[in-house]
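Atom set for the values below is all heavy atoms of this structure, side chains included, hydrogens, waters and symmetry mates excluded.
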Amino acid sequence: MEHVLEDKELGRLLVRVNVRARRLTFRTREDAIHVTVPPGTTIGEVKNAVEQLRPRLRAAREKQSRPLIDLDYRIDTEFFKLSLVGGERDRFLSRSELGEMQIICPPGADFADAELQAWLRKVIEEALRRNAKIILPPRLYMLSQKHNLPYQSVKINSSSGRWGSCSARRTINLSYYLVLLPKHLIDYVLLHELSHTREMNHGERFWALLDELTEGKAQALRKELRQYRTEF
């Protein structure tokens with residue numbers, strides 16, 4: 001028995017009954033999310049499980065739909081540019097400088113190999129981290145001084161769930177994916193976190209302060225930021 005569910009965010013879910021199954025299991029594949037359920041499981045129970053697991057299912061779906069990193073892959077943003085080119089040696093090499101990275105690939109590299117894709121992503125992530133550590137802290141300090149919003153410290157992390165955060169102790173955490181944003185959106189995120197050094201919630205006073213810092217564009221910038229994701 002198979003039942004098809006359509007979810008606006010997750011796409012198609014294929015629900016199959018397995019007499020040996022003792023619990024619901026979810027497997028994300030290219031064509032759909034495959035759900036295996038024990039006999040007697042209702043569609044309502046499946047939908048409830050989907051809602052409980054939605055953040056994890058969303059992340060798995062996004063990972064599944066990531067573009068293949070091969071010789072045609074490019075990152076071309078204001079603060080970080082990446083290209084892959086064919087080489088003659090039998091191993092991968094990389095050339096990296098501030099804001100730019102080139103990966104030289106051996107002939108016959110199998111870009112469909114999952115382990116190679118994972119390695120390439122790790123190499124690129126480390127380059128993003130190095131660039132973020134050079135670019136973001138000085139910019140944050142400048143904006144802090146300009147608007148008199150002091151903070152305790154700043155850390156660069158690999159968060160894929162949020163662009164930044166600010167603790168009650170005024171420690172600011174910034175995702176290295178920020179360097180893939182346009183400059184004005186980087187500043188918006190930095191100002192957002194700096195605003196939390198004065199207003200720790202998202203109440204009216206917080207948005208009034210952020211509006212003041214962004215020349216009345218806080219909500220417009222917030223909406224624009226939603227078009228981007230913490231990934232590549």
Assert yes or no for the condition that the ring centre distance of Tyr228 to Trp163 is strictly below 6.0 Å.
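No - the distance between ring centres of Tyr228 and Trp163 does not fall below the 6.0 Å cut-off.
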Take Glu126 and Arg129 through the salt bridge (Lys or Arg N to Asp or Glu O under 4.0 Å) test and state the conclusion after the steps.
CA-CA 5 Å; Glu126 285 305 310; Arg129 186 192 302 274; 3.6 Å; yes
Supply the atom-to-atom distance [X] [atom1] to [Y] [atom2], rounded to the nearest 0.5 angstrom.
| X | Y | atom1 | atom2 | answer |
| --- | --- | --- | --- | --- |
| Leu5 | Lys47 | CG | NZ | 6.0 Å |
| Arg74 | Asp70 | CZ | CG | 9.0 Å |
| Ile43 | Asn48 | CD1 | CG | 11.5 Å |
| Phe79 | Ile186 | CZ | CD1 | 5.0 Å |
| Ser167 | Glu193 | OG | CD | 10.5 Å |
| Tyr188 | Arg222 | OH | CZ | 6.0 Å |

Would you indicate whether the side-chain heavy atoms of [Y] and [X] approach each other to under 4.5 Å?
| X | Y | answer |
| --- | --- | --- |
| Ile33 | Leu14 | no |
| Arg22 | Pro38 | no |
| Leu136 | Val154 | no |
| Thr77 | Leu181 | no |
| Ile135 | Phe80 | no |
| Leu174 | Leu190 | yes |
| Arg139 | Lys183 | yes |
| Ile103 | Ile124 | yes |

Can you name the ring pair (Phe, Tyr, Trp, His ring centres under 6.0 Å) partners of Phe206, sequence neighbours left out?
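Applying ring pair (Phe, Tyr, Trp, His ring centres under 6.0 Å) to Phe206 gives His192, His196, His202.
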I'd like to know if the side chain of [X] reaches the main chain of [Y], judged simply by a donor and an acceptor atom lying under 3.5 Å from each other, with no hydrogens or angles considered.
| X | Y | answer |
| --- | --- | --- |
| Ser175 | Ser158 | no |
| Asn131 | Ala127 | yes |
| Gln117 | Ala112 | no |
| Ser144 | Leu140 | no |
| Arg169 | Cys166 | no |

Under the salt bridge (Lys or Arg N to Asp or Glu O under 4.0 Å) test, which residues partner Glu100, sequence neighbours left out?
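Testing Glu100 for salt bridge (Lys or Arg N to Asp or Glu O under 4.0 Å), a comparison that skips the adjacent residues, returns none.
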Among residues at least two apart in sequence or on other chains, which ones pass salt bridge (Lys or Arg N to Asp or Glu O under 4.0 Å) with Glu224?
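Partners of Glu224 by the salt bridge (Lys or Arg N to Asp or Glu O under 4.0 Å) criterion come out as none, since no residue qualifies.
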Please give me the minimum heavy-atom distance between [X] and [Y], naming the atom from each residue.
| X | Y | answer |
| --- | --- | --- |
| Leu194 | Leu149 | CD2-O, 3.5 Å |
| Pro150 | Arg170 | O-CD, 3.7 Å |
| Met101 | Val123 | CE-CG1, 3.2 Å |
| Leu116 | Asp110 | CD2-O, 3.2 Å |
| Leu93 | Arg91 | CD2-NH1, 3.2 Å |
| Leu210 | Ser195 | CD1-OG, 3.7 Å |

Give a yes or no on whether Glu204 atom CD has more than 12 heavy-atom contacts from other residues, nucleotides or ligands under 6.0 Å away.
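Check fails, neighbour count at 12 or below.
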More than 12 heavy atoms from other groups under 6.0 Å of CZ on Arg54
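Check passes, neighbour count above 12.
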